[in-house]
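Below: the structure, in structure tokens.
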Amino acid sequence: MINEEIFFSLFPVFKKDCALGQSIFANSQRLSCAKNTNLYFSGDTCSQIAFIVSGEIRVFRRGETGREITLYEIGPGDTCILNASCILSGHKYPADAV
């Protein structure tokens, strides 16, 4: 379980608005995943934003031939820009995330 000190050290922007940061922390769901867990598939809907506390997520596209191209990787202190974009726009997730 993550404590507030770790969360705010990874996401210091929320210290500026203490009430917002406290609300985000208090209402967060903690999710632990095994290595190579598929978090999103292309076409999935996004209903929650992920704040990465530990580990890495690889975001990639898969072509018609099955070949993969990594778009980017995110780690502790990051959030997925595609995830946030889909939530704000209402569009489906355009890639896979593992």
Side-chain angles (χ1 to χ4, degrees):
M1 180 118 147
I2 181 174
N3 65 35
E4 289 181 55
E5 183 179 332
I6 293 170
F7 179 80
F8 289 116
S9 71
L10 289 169
F11 301 98
V13 69
F14 295 122
K15 284 184 181 180
K16 293 178 183 175
D17 186 340
C18 191
L20 174 63
Q22 291 294 330
S23 179
I24 289 172
F25 182 81
N27 293 294
S28 295
Q29 294 177 322
R30 281 73 174 183
L31 176 65
S32 294
C33 301
K35 187 175 182 175
N36 297 320
T37 298
N38 288 29
L39 302 172
Y40 282 107
F41 291 100
S42 184
D44 282 352
T45 58
C46 299
S47 61
Q48 300 173 337
I49 192 160
F51 295 98
I52 312 305
V53 175
S54 65
E56 287 186 343
I57 297 175
R58 181 173 74 101
V59 179
F60 63 96
R61 295 285 310 250
R62 186 174 287 123
E64 291 179 15
T65 63
R67 293 185 67 185
E68 297 176 355
I69 182 167
T70 299
L71 302 175
Y72 56 90
E73 294 179 348
I74 53 178
D78 292 331
T79 190
C80 179
I81 190 67
L82 285 178
N83 177 238
S85 174
C86 290
I87 290 170
L88 293 172
S89 70
H91 291 114
K92 305 279 186 191
Y93 199 76
D96 291 84
V98 174

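Remember, it's a predicted structure, so these values are computed and weren't measured experimentally.
With hydrogens and angles ignored, the 3.5 Å screen pairs no side-chain donor or acceptor of Asp96 with any backbone N or O of Arg62. With hydrogens and angles ignored, the 3.5 Å screen pairs no side-chain donor or acceptor of Ser85 with any backbone N or O of Ile81. Ser23 contributes no side-chain N or O that, together with a main-chain N or O of Ala19, makes up a donor-acceptor pair within less than 3.5 Å. With Thr79 contributing its side chain and Ala50 its backbone, the two residues share a donor-acceptor pair below 3.5 Å. Judged purely by atom type and a 3.5 angstrom limit, Ser9 uses its side chain to pair as donor or acceptor with the backbone of Ile6. Side-chain atoms of Asn36 do not come within 3.5 Å of backbone N or O of Val98 as any donor-acceptor pair.
Ala95 and Leu82 make their closest contact through CB-CD1, 4.1 Å (heavy atoms, listed as atom of the first residue, atom of the second, distance). Heavy atoms only, all atoms of each residue included: Ile2 and Arg30 are closest at CG2-NE, 3.8 Å. Scanning both residues, Cys86 and Pro94, for their nearest heavy atoms gives SG-CD, 3.8 Å. Across every non-hydrogen atom of Lys92 and Gly43, the tightest pair is CD-O, 3.1 Å.
Sequence neighbours left out, the pairs with a member in residues 40-61 that pass salt bridge (Lys or Arg N to Asp or Glu O under 4.0 Å) are Arg58-Glu68. Within the structure, the ring-ring contact (aromatic ring centres under 6.0 Å, His included) test picks out the following pairs touching residues 23-48 (sequence neighbours left out): Phe7-Phe25, Tyr40-Tyr93. For residues 57-86, no residue pair satisfies the ring-ring contact (aromatic ring centres under 6.0 Å, His included) rule, not counting sequence neighbours.
The line from CD1 of Ile74 to CZ of Phe51 is 11.0 Å long, rounded to the nearest 0.5 Å. With values rounded to the nearest 0.5 angstrom, Leu20 atom CG is found 14.5 Å from Lys15 atom NZ. Rounding to the nearest 0.5 Å places OG1 of Thr37 at 8.5 Å from CG of Leu31.
Considering only heavy atoms from C-beta on, Cys80 stays 4.5 Å or farther from Ile57 through its side chain.
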